[in-house]
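This is a predicted model, so every value here is computed, not measured. Numbered from 1 within each chain, the chains take letters A, B, ... in sequence-line order.
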Amino acid sequence: MRIATWNVNSIRIRIDAVVDWIRRLEPDVLCMQETKVVDDDFPTEELQRLGYAVAMAGQKTYNGVAIASRLPLRDVRVGLSNGEGDADKRLISASAGGVRVLSAYIPNGKSVGSPSFAQKLAFFTRLGSTLEAQAPDRRGVVLCGDFNVAPDERDVFDPARMRGQLHFHPDEHRALGELMDFGLRDAYRLHHPEAGRFSWWDYRGAGLQKNEGLRIDLVLLSHDLAARCTRAEIDDAERHKDKPSDHAPVLVDIG
DNA sequence: ATGGTCGAATATCGA
């Protein structure tokens, strides 16, 4: 089973690239973030033509998450548990092929110490509660998304400069760590111990050419699925194409 | 140089 995640930075502007990527990589499940479109305007048919079912939760201009799957999607849920007051569309989850898949877009946090930063930390806690509610046996879970946190020194281009900054702050690391204490493994690190492998590069400046990026797009697997994970890759070639998203797709194979 | 670029929307805001 191949599962992928991709912050597409607008599904409408990226749909041709997404269709092309799906044709070439043939994921069973593709989680998307920052779709930036209301559900009625989501390019659903383009994915259905490829044989994929689509579940989406979008809004105008900002955020938005989706799951495309060539296996039937069951028990689709939108938002965090107890998230009735949340206007932002940042989480959608569904069952596919016997696994519980979650597509999450964690708040950026704007700046360390801001109200948005506190909301970012709270989102991690609430995501943990949502996992408890959706998968109490802690098995068969694939939590994908843009976490807006680089887990450790290997995941940032300049650890000394980044330490304490947004995306590499101790509070963010504690929040991510507590979430992973649910029993999750970082799939990429099961197969790639090396530093300097990133999933996001800022559009601004020459960061891509200098490989000044961050690894903030993660596939987190429950222990039972981690034991079956045969491959994990970041498709950074996608970031080097014309009109790219600022994020590369990440994919895992589970045997 | 608190910059730079992209996307949504059409002046700025978010990232």
Residues [X] and [Y] bridged, charged N to O under 4.0 Å:
{"X": "A/Asp152", "Y": "A/Arg154", "value": "yes"}
{"X": "A/Arg189", "Y": "A/Asp155", "value": "yes"}
{"X": "A/Asp28", "Y": "A/Arg2", "value": "no"}

Looking only at side-chain N and O atoms, does A/Ser245 offer a donor or acceptor that is under 3.5 Å from a partner on A/Arg239?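 Note: A/Arg239 and A/Ser245 side chains miss the donor-acceptor criterion.
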For [N] and [M], measure between their [atom1] atoms and round to the nearest Å.
{"N": "B/dA11", "M": "B/dT2", "atom1": "P", "answer": "28 Å"}
{"N": "B/dA1", "M": "B/dT10", "atom1": "P", "answer": "36 Å"}
{"N": "B/dA9", "M": "B/dA15", "atom1": "C1'", "answer": "16 Å"}

Excluding sequence neighbours, so at least two apart, what forms ring pair (Phe, Tyr, Trp, His ring centres under 6.0 Å) with A/Tyr188?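 By the ring pair (Phe, Tyr, Trp, His ring centres under 6.0 Å) rule, A/Tyr188 matches A/His192.
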Can you tell me the distance, in whole Å, between the [atom1] atom of [X] and the [atom2] atom of [N]?
{"X": "A/Ile11", "N": "B/dG7", "atom1": "CD1", "atom2": "C1'", "value": "13 Å"}
{"X": "A/Ile13", "N": "B/dT5", "atom1": "CD1", "atom2": "P", "value": "17 Å"}
{"X": "A/Gln59", "N": "B/dA8", "atom1": "CD", "atom2": "C1'", "value": "12 Å"}

What string of B, S and - do you get for nucleotides 9-15 of chain B, 5' to 3', if B is base contact, S is sugar-phosphate-only contact and - is no contact with any protein heavy atom under 4.0 Å? S----SB
Ring pair (Phe, Tyr, Trp, His ring centres under 6.0 Å) contacts touching residues 20-58 of chain A (sequence neighbours left out): A/Trp6-A/Trp21
